[in-house]
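In what follows, a single structure is set out as structure tokens and then discussed.
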Amino acid sequence: MKDLSKTFYVTTPIYYVNSDPHIGSAYTTIVADVVARYKRMMGYDTFFLTGTDEHGQKIMRAAKEKGMDTKKFVDDLAQRFIQLWKDLEISNDLFIRTTDDYHVKTVQEFFQKMYEKGDIYLGKYEGWYCVHDETFWTEKDIGPDKLCPVCHRPLEHVEEENYFFRLSKYTKPLLDHFRSHPDFVEPDFRRNEMIKILEEGLEDISVSRTSFDWGIPLPFDKKHVIYVWFDALINYVSAVGYGRDDEKFKKYWPADVHFVGKEINRFHSLIWPAMLMSVGLPLPKKIFAHGWLTVNGEKISKSKGNAVDPRVLVKAYGLDAVKYYLLRDITFGNDGDFSEDNLIVRINADLANDLGNLVHRTLSMVNQNFEEIPDPSKEEKIDDDLKDLLSRTINDYFSYMDSFKFTEALISIWNLVKFSNKYIDMTEPWLLARDPSKKERLGTVLYNLVDVIRNISIMISPIMVKTSKSLIDRINQDLDVNMLGWHKTEKAKIEVGEPLFPRIDTKVWKKVIKMAETEENQKKAEISIEDFAKIDLRVARIKKAERIPKSEKLVKLILDVGGEERQIVTGIGLVYTPESLIGREIIIIYNLKPTKLMGVESNGMLLAAKDGEKLRILTVDGFVETGAKIS
RNA sequence: GGCGGUGUAGCUCAGUUGGCUAGAGCAUACGGUUCAUACCCGUAGUGUCCUGGGUUCGAAUCCCAGUGCCGCCA
């Protein structure tokens, strides 16, 4: 299976250093990392590239505002990305910066080639430029207010001599390429968008600027610097030695897949291929444009406070759990939502309950009954079922991973996890253990389970690196994809270890994503006196109080409200003992709609002041008859 | 404004070329079990399959119109 002549080259976008990395940017890189790890496991000589995009007017201005030298400024910013990827254990083989010397040189050579080909010409550009988006607009694109149609910032009028790229010339060749390579751009709806643009025809684009100098100078006209997008795209070839290390370049180019966000799909699916055609290089095999993440249902933005540093999540939940969640819950290619609630559900249900518990119960039984992993012997029907499911899972796993269907790959692995739990239930090893004559059967059952766990740990290894390692170490086996399959577990001692994933107790757990809006929400909307009048508040005296069985918090109260007897259920059991409540006067909402809590009827609600964990019931200042109204 | 996608159980979604009483996971309720992280296993549900019309023996699935959400372009 190992064949190092197979190579695989995978890239992320290079990130514009001027904005902070958040969970959205981390998502692309994490996916690319999973793919790189998977391909390495499959025996490919893999090259995984990420990096930073550091030129452009926006960065130059930002540096100026801070009074910093531009290069020093981007050095600091790039470091933030390098550190983040280190913290997320991203396995990139190179981190490219567009300010790296070799990149600068390659870009100039690339540009020179295009020029010699006759695809670059000097023209006059007149129009409006948005510094923020690095985008040019023509008069007809914008309104009389001269604001950017995208970000609504003021535009700058520019009029200068620019070099242009004859992009229009490549409309037809690109269209042909799209038609003859149906998998060139994925998902398919993104490809269709690109085809539509091609059918309408491409226009030549301006590719140089003269009004500032933070960029790569044109080789043949030093007054100009190369448009930042042009410069950036070329990173994909400069990183693997274009014009500098032919052997390396030949080995890895063309790239197998460029992972990009949907907002930059055009650049990668149209402009970049046209540039490559111009210099006579083969096109990348695939561009995969994924969707955007929202966080807790809202767009990621600093003002909303949900632009969380991914490390905060990793620290709270663990890297493997966050990665599992991202790949399991968000269908790759579509937009998705990073929901902390759903993350916790996945951790508790899939990781702790299903996988963690399967491992823990299996390994515990092995060590309770045997010195080491027992030998299998005669197989029964249920064993064949497990074996069949394993082999189907392995097949599905390969085909899903090869087509970047991570969600499906994980679902299919987890079907195996769930069936393994059922297998334990059906074979009842704890009963087998009580009957010495069934020791052999017990050994077979436990061997099968360890064998499946071994397979699972290999399959999850590109995604959950630490978990996989921890699992395979506990059972003392090799993490080798060639060992995927039934009954390839070697004899070895095992170690039960701590539970892989502790459950998160949602009752006490504090979430880490603080939505800025939450605080605002706590300040409730103004109400009128009529609104308040709808609430019927009364004084009541507690006649009886008793805990509701099986509940820590809930207490059932029998009240006297002006001679009427009422039953309410209240959640103050952690703070008050029932005995201490009897005889006290409290305030209740008298006309609250009745409800049932833990099956016990509650006709009203007691008022209490809450300060974090502290809780005190409201009462009246001196004696008042029960049933008295409060207003 | 043009084009495209999407709208299925409380939640997240699956539903291949139209075909048996519409599915899964989570959550809920009840039962079983005890090796295990109050875990696992089983059972039970609930759905105007966005709305209205049409094609068909038969439509969540195809066609038309409307509507909500989303995307691309202008």
Side-chain angles (χ1 to χ4, degrees), chain A residues 137-143 149-150 185 187-203 261-267 269-270 289-292 294 296-297 299 325 328-331 333-370 382 405 407-408 410-415 417-434 442 445-446 449-450 453 496-507 550-552 596-599:
Chain A
W137 299 98
T138 57
E139 206 75 40
K140 66 176 165 65
D141 295 331
I142 59 176
V150 174
V185 175
D188 53 358
F189 59 92
R190 297 286 168 214
R191 175 176 67 244
N192 293 339
E193 286 170 6
M194 293 304 111
I195 290 176
K196 187 120 262 154
I197 294 172
L198 283 172
E199 284 169 348
E200 285 163 15
L202 299 174
E203 287 178 21
K262 63 183 183 182
E263 75 285 5
I264 52 176
N265 185 29
R266 265 190 81 150
F267 286 96
S269 300
L270 303 179
H290 66 75
W292 281 357
T294 52
N296 291 340
K299 274 194 177 168
Y325 168 74
R328 169 63 182 79
D329 255 29
I330 293 160
T331 306
N334 297 339
D335 286 346
D337 181 48
F338 189 103
S339 145
E340 195 169 1
D341 285 326
N342 291 348
L343 166 65
I344 292 170
V345 167
R346 285 284 166 218
I347 290 172
N348 281 346
D350 297 1
L351 300 182
N353 294 354
D354 290 348
L355 178 62
N357 193 45
L358 169 68
V359 169
H360 203 244
R361 65 199 299 212
T362 300
L363 300 192
S364 299
M365 284 190 281
V366 171
N367 268 5
Q368 280 161 24
N369 295 290
F370 297 93
I382 183 81
K405 290 184 176 163
T407 299
E408 281 86 347
L410 287 171
I411 289 174
S412 105
I413 295 172
W414 253 258
N415 282 336
V417 171
K418 283 171 193 180
F419 185 75
S420 302
N421 273 320
K422 190 186 289 197
Y423 175 85
I424 297 181
D425 227 61
M426 295 177 83
T427 52
E428 299 176 306
W430 57 92
L431 292 187
L432 300 174
R434 285 176 212 156
L442 176 64
V445 165
L446 293 179
L449 285 164
V450 171
I453 289 170
V496 179
E498 289 300 303
L500 280 174
F501 297 95
R503 281 177 62 80
I504 294 169
D505 184 348
T506 49
K507 285 205 269 310
K550 284 189 180 172
S551 168
E552 314 179 313
K596 276 190 176 178
L597 296 167
M598 298 275 290

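From a predicted model like this one, the values you see are computed outputs, not experimental measurements. Note that these values count all heavy atoms, side chains included, but never hydrogens, waters or copies made by symmetry.
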Exercise. For A:E428, which contact category applies under a 4.0 Å heavy-atom criterion: base, sugar-phosphate, or nothing?
Worked result: nothing
For this session: Please confirm whether the backbone N or O of A:R503 pairs with a side-chain atom of A:N348, one donor and one acceptor, at under 3.5 Å?
Result: no
Exercise. In the strands shown, is B:U6 matched to any nucleotide by a Watson-Crick or G-U wobble pair with both distances under 3.5 Å, and which?
Worked result: B:G68
Exercise. At under 4.0 Å, does any side-chain N or O of A:K196 touch on OP1 or OP2 of B:A74?
Worked result: no
Exercise. Please give, in whole Å, the distance from B:G4 C1' to A:E199 CD?
Worked result: 13 Å
Seminar exercise, completed: The nucleotide from B:C72, B:G25, B:U37 with an atom nearest the side chain of A:I197 is B:C72
For this session: With a 3.5 angstrom cut-off on both distances, give the Watson-Crick or G-U wobble partner of B:G58, or none if there isn't one.
Result: none
Exercise. Within less than 4.0 Å of OP1 or OP2 of B:C26, is there a side-chain N or O belonging to A:N348?
Worked result: no
Problem set entry | For atom OH of A:Y325 and atom P of B:U12, their distance in whole Å | 11 Å
For this session: Calculate the interatomic distance between A:D350 atom CG and B:C13 atom C1'; express it in whole Å.
Result: 14 Å
Seminar exercise, completed: Between A:D425 and A:R328, the residue closer to the 5' end of RNA chain B by nearest nucleotide is A:R328
Exercise. Starting at CG of A:D505 and ending at C1' of B:U37, how long is that distance when rounded to a whole Å?
Worked result: 12 Å
Exercise. Within the structure shown, what part of the strands sits under 4.0 Å from A:N192 by heavy-atom distance: base, sugar-phosphate, or nothing?
Worked result: nothing
For this session: Can you figure out which of B:U37, B:C40, B:C73 approaches the side chain of A:R361 most closely?
Result: B:C40
Seminar exercise, completed: Between A:D329 and A:R503, the residue closer to the 5' end of RNA chain B by nearest nucleotide is A:D329
For this session: Write down the partner of B:U48 under the Watson-Crick or G-U wobble criteria, each distance required to be under 3.5 Å.
Result: none
Exercise. Is any NZ, NE, NH1 or NH2 atom of the basic residue among A:R190 and A:E193 found under 4.0 Å from an Asp or Glu carboxylate oxygen of the other?
Worked result: yes
For this session: Using Watson-Crick or G-U wobble geometry with both distances below 3.5 Å, tell me the partner of B:G25, or none.
Result: B:C11
Problem set entry | Gap between atoms CG and C1', on A:L410 and B:C13 respectively (whole Å) | 15 Å
For this session: Have a look at A:L358 and say if it touches a base, only the backbone sugar-phosphate, or nothing, with a 4.0 Å heavy-atom cut-off.
Result: nothing
Seminar exercise, completed: Out of B:G71, B:C41, B:A36, minimum distance to the side chain of A:E193 belongs to B:G71
Exercise. According to the Watson-Crick and G-U wobble definitions, with both distances under 3.5 Å, which nucleotide is paired to B:G42?
Worked result: B:C30
Exercise. Say you pick atom C1' in B:G47 and the same atom in B:C11; how far apart are they, in whole Å?
Worked result: 14 Å
Problem set entry | Residue pair A:W430, A:N369: steps toward the side-chain contact (heavy atoms from CB on, under 4.5 Å) verdict | CA-CA 10 Å; A:W430 57 92; A:N369 295 290; over 6 Å; no
Exercise. A:M365 versus A:I424: any side-chain heavy-atom pair under 4.5 Å?
Worked result: yes
Exercise. B:U37, B:C35, B:C41: which one has an atom nearest the side-chain heavy atoms of A:S364?
Worked result: B:C35
Exercise. A:I504 CD1 to B:C26 P: how many Å, rounded?
Worked result: 17 Å
Exercise. Expressed in angstrom and rounded to an integer, what is the separation of A:D188 atom CG from B:G4 atom C1'?
Worked result: 11 Å
Problem set entry | B:U37: pairing nucleotide in any strand, Watson-Crick or G-U under 3.5 angstrom | none
Exercise. Between B:C35, B:C26, B:C72, which one does the side chain of A:M365 approach most closely?
Worked result: B:C35
For this session: Could you check how far CG of A:L270 sits from C1' of B:C73, rounded to whole Å?
Result: 12 Å
Exercise. Base, sugar-phosphate, or nothing: which does A:R434 touch, judged by heavy atoms less than 4.0 Å apart?
Worked result: sugar-phosphate
Seminar exercise, completed: Closest of B:C26, B:U37, B:C35 to the A:A352 side chain is B:U37
Exercise. Is there a side-chain contact (heavy atoms from CB on, under 4.5 Å) between A:L351 and A:Y325 once you walk through the steps?
Worked result: CA-CA 10 Å; A:L351 300 182; A:Y325 168 74; over 6 Å; no
Exercise. Considering Watson-Crick and G-U wobble pairs with both distances under 3.5 Å, what does B:G1 pair with?
Worked result: B:C73
For this session: Give one of base, sugar-phosphate or nothing for A:D354, where a contact means two heavy atoms less than 4.0 Å apart.
Result: sugar-phosphate
